[in-house]
Each structure stands twice: as C-alpha cells, then as structure tokens.
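Below is one structure, written out as structure tokens; the observations come after it.
Numbered from 1 within each chain, the chains take letters A, B, ... in sequence-line order.
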Amino acid sequence: MVFMRFPARFAQFAAAAAFAAMIAGPAAAGTVNVAVAANFTDAANEIAALFKASTGHDAVLSFGATGALYTQITQAAPFDILLSADNERPALAVTEGHGVAGTVFPYAIGKVVLYSTAPALVTGEETLRAGAFSHIAIANPATAPYGRAAVEAMTALGVYDAVAPKIVQGENITQTFQFVETGNAELGFVALSQIIATDAGSRWQVPEELYEPIRQDAVLLVHGANNEAALAFMDFLRGPEANAVIEKFGYGTME
Amino acid sequence: MFRDAQLWPPILLTLQLATITTVVLLLVGTPIAWWLARSRARWKEVVGAVVSLPIVLPPTVLGFYLLIALGPNGPGGWVAGFFERRTLAFTFAALVIGSVIYSLPFVVQPIRNAFEAAGDRPLEAAATLRASPWDSFWSVALPLARPGLLTGAVLGFAHTVGEFGVVLMIGGSIPGQTKVLSIAIFDYVEQLRWGEAHVLAAGMLVFSFLVILAMTLAERRLWRARQ
C-alpha cells in the first residue's frame, strides 16, 4: 500500500506544480535545451550563466560532435537550439524541416593557429616552408571545418604538396589537438580557442585571408519555435555580453 | 560509382592488421593463459584482472593512454629513438600494439578455459609416461586446448577487424598505413557518402557473420571429436 500512495502524491504534486506554472504566466523562468558543438563548451557554459543572470531562464546544455548532435535532432531529440561547429548542419536542418527558416546566423568565427608545444618551433609560414618536422597534425579536411581551413591555408601558401606526406589526421579538432599536445606530432593546425588560455609552446595565427571563414552557425529548431526561453537565448547570443565571452575564448564574431 | 572511391586499401590493410595481430596474440596470449590456468600463485587473479581491463576501458580512453605511451615522452618514444623516429604513433606497428592490448582478453579467456577444462589428469598421465613438462605441453595440453585456441584466434581476429576507438586515437588516418576499414566507414558516414559506407559496412557484416558461424560449427566439431 505504501507503494500505491507514492504515485498518487506525486500526481498531486505534479498537478499543483503544473497549475502554478500556468498561473505564473509568461513572465516565469523557462528552460531552453541547447545542443552545443563540443569545441564551444567553455564559452557556452559561461554564456549560459550570464543568460540565467540576465533573463532568469535556464539554459540546459548538451555537448557533442555536431554530426552526432544533428543525427539525434533528426531522430526527434528534444533540443530547442543547435549551436553547430559548422554552417552546413544548420542550413541542412532548415531544408530538412528540423530548423526554423530565417533563424540561422553565425554566432562565432573559428580561427586557425599553427601550434607546437616546443617553444621555438613555430615562427611563421617559414616553419611550413622549411618542413623540419616529421608529423604535422590537421583535422580531417573532409569532415572538420578546421581541417578544411588548414588545407586551404597550406595550398594558398604553396606548401601543401611538400607537407602532405607528413600529415596525420585527427577525426576532429579535439583529437588533432591531442596529437600535438602529447608531442606525437611536433606541430599542428588547431583552433585558437583551444590554446588561448595558455602561453606555452610556440604558435602562429594563420592570416584569415588564407582560408574561408570557419562559420559556426546557430539555428532555432522546430522543437523550440514556441519556447520563449529559446527565443530569448537566440537574442542573447547575438548581444554584446555574449559576444564579449565568445571573443574572450578565441573566436571572432560578426560585430 | 565506387570505382574512384579506393575501397580496397582499407580492406587489405585491415586484413593484414588482423592477421598479424592474431598471430602475435596467440604467441603472447597462450603462455599467459597457460600460467593463469596452471599457476597456484595467489595473486594470479590480479594478473587475470589486468588482462581483462581492456574490456572495461572505453577504447578511446585506452587509445589516449596509448597515444601518450607511444609518444616522445613515453616508452614508445624511447623505442622509436632506435629507429631515428620521435614517436611510435601513426605507424602500422602502433596499430598492432594497440590491437594486441585491446583484444588480449578475448584470446586469453577462451584458451585459459580450455586449459582448465582439460584438467590435471592428462598431464599427470603424461608425466607417468616420463614426458618432460615441455613435451606434455606440446603433445598433450595444447592439442586438448584446440577448441579454445580456435575460439581465441577467431575472436581476436574478428575483434581487431571491428576495432575503431583505439585505432582512431593512435593512427592518424594515413591511407595505406593506418586508415583501416572501420575508420574508412566512419569517414564516409561523416561525409554523408552513404553509398560507399553501405558497401563497406555490409561487407563487414557479412564477413563477421560468416566468421562467427564458421567458428561455432568448427568448435562443435572439435568438441565432438574429443568425445
């Protein structure tokens, strides 16, 4: 009998809570579920805290590889917003009917850095020309925007063919960073956001005219189209507070 | 449609890796299994548990530790120094090392079980016939453990064919050297090139099905032959 009473109590409680939520009206704090590309983890956590302080809404963040998150979204995962690591998946979300048309915008622009843990190894593009290394790590250019940008930059500098035999590929930019950070590859093309917190090693920020911008787009998903907290988050993400955080973590913004 | 897709190099590389790995696994795993089955040491189950750890560890975690171990600051870098290299990662040898560690429990366990199932009596009988321990191992224990050896070899081979996380972490996806079948399938899926992915994945499925079926049938025959 004890077991029978509990669900009844719970149902009462749930009904009361639901009623309270209804009479509290639209001013009540809501919740938005955001699917976030893993590379944006730290920035997103900070933005979510500011968002909570500013609007009272909770942003619940789920991190993962963009491809995996997108596949989950196609299978009706309860996400209101996707913060993608690329600009392809948000566009695809709209054409495939998972995203709301007209809501796509670039929330962050990724920047590529040639990086080594060795203090004097990376001095500039001449490091690539000299080729005095046995392994250079890049992200998979076919699937990862940072890998695509790395290949574009090397091609623009005319060093790609000479460097190609020394390339090792990480499946994504995180793994690429691990190859460099563990010293298995002497240097590699990583994201500025991965190394902005440290001064260690040597680095060369690749001039942005050498590669197509790495646009990380956000999109409002159909699941969140009527969620006030989701709409507020999309606005907040474009605002000066969020942009300051995004730039602090090594990304560019459209402002 | 698939002519330019270069489907064959990853397949051949995978078969090569699985074959070499299986040979190494049998050479390394059989003595370990023998010792685990026969030893009376109290701490042998500690060793048994260590051998089984790769079952528990997520492959990417195991791969990350291997990446550090193979690198310039680990023992792998020290070994690589003799070949005037900085690291053992990103080489075929690295994949063999990773695969052996990753598949070791799948080979040791069935062989150990087979040694234990054979029991002491055949070995005691051999001893009364004045067979040396070495001789009784080769002509009595090993033949009796044949079903276990077969199971271990097939499991090790199949497990290596299907391996992904460890190879992903230490391979660097170099075509013809470290880009194996599972990585190629993953790449095709990520690129939304599902046609090629389907072909490779279906081939892998059929292959695995046949391997497991053949193993089961052969094992049954071996057991029956012993009765």
Side-chain angles (χ1 to χ4, degrees), chain A residues 37-38 64-71 74 85-86 88-89 91-93 95-96 116-118 121 132-145 147-148 150-151 163-189 201, chain B residues 5-6 59-61 63-81 83-95 98 164-180 182-194 196-197:
Chain A
T66 299
L69 292 172
Y70 185 73
T71 309
T74 64
D86 62 9
E88 281 170 30
R89 250 60 73 106
L92 196 61
T95 50
E96 291 192 341
S116 170
T117 53
L121 185 67
F133 47 82
S134 51
H135 293 299
I136 180 168
I138 69 172
N140 184 345
T143 55
R148 186 257 307 152
V151 171
V163 169
K166 298 175 178 175
I167 289 178
V168 290
Q169 284 181 22
E171 209 43 62
N172 51 47
I173 197 64
T174 307
Q175 211 204 331
T176 308
F177 178 70
Q178 285 169 356
F179 283 162
V180 181
E181 194 65 18
T182 57
N184 282 292
E186 290 105 310
L187 72 173
F189 285 95
Chain B
Q6 299 196 311
T60 45
V61 173
F64 183 67
Y65 290 147
L66 275 171
L67 185 64
I68 294 172
L70 294 172
N73 304 317
W78 183 75
V79 173
F83 305 96
E84 310 207 330
R85 302 178 66 110
R86 295 180 58 255
T87 171
L88 278 186
F90 318 129
T91 60
F92 185 76
L95 298 197
F164 175 70
V166 173
V167 169
L168 180 79
M169 295 297 290
I170 61 179
S173 194
I174 303 170
Q177 287 182 52
T178 59
K179 185 170 183 174
V180 297
S182 56
I183 304 276
I185 295 176
F186 182 73
D187 272 1
Y188 284 131
V189 171
E190 284 284 294
Q191 294 171 47
L192 306 178
R193 289 167 70 176
W194 289 351
E196 287 96 333

Check your understanding: Can you find a pair of side-chain heavy atoms, one from A:Glu171 and one from B:Asp187, that are under 4.5 Å apart?
Key -> yes

Practice item. State whether the side chain of A:Asn184 and the backbone N or O of B:Thr87 hold a donor-acceptor pair below 3.5 Å, judged by distance alone. Key: no

Review point. Say you draw a straight line from NZ of B:Lys179 to CD of A:Gln169; how long is it, rounded to the nearest 0.5 Å?
Key: 6.5 Å

Check your understanding: Is B:Tyr65 atom OH crowded by more than 12 heavy atoms from other residues, nucleotides or ligands, each under 6.0 Å away?
Key -> no

**Study point:** Selection from B:Ile174, B:Thr178, B:Leu168, B:Ile68 maximising heavy-atom pairs under 4.5 Å formed with chain A
**Key:** B:Leu168

Practice item. For each of A:Ala65, A:Gly67, A:Ala142, tally heavy-atom pairs with chain B at distances under 4.5 Å, and name the one with the top tally. Key: A:Ala142

Practice item. Kindly say whether A:Phe133 contributes a backbone atom to a donor-acceptor pair with the side chain of B:Arg86 at under 3.5 angstrom? Key: no

Exercise for review: Pick one of side chain, backbone, both or neither for A:Glu186, based on which atoms fall under 4.5 Å of a heavy atom in chain B.
Suggested key: both

Practice item. Pick whichever of B:Phe64, B:Phe186, B:Phe90 has the most heavy-atom pairs under 4.5 Å with chain A. Key: B:Phe90

**Study point:** Rounded distance [0.5 Å steps], OG in B:Ser173 versus CD1 in A:Ile138
**Key:** 10.0 Å

Exercise for review: For the pair A:His135 and B:Arg85, evaluate side-chain contact (heavy atoms from CB on, under 4.5 Å) and give the outcome as yes or no after the intermediate values.
Suggested key: CA-CA 10 Å; A:His135 293 299; B:Arg85 302 178 66 110; 3.9 Å; yes

**Study point:** Under 4.5 Å from a heavy atom of chain B, the part of A:Gln175 involved
**Key:** side chain

Practice item. Name the option with the most non-hydrogen atom pairs under 4.5 Å to chain B; the candidates are A:Ala137, A:Gly183, A:Ala185. Key: A:Gly183

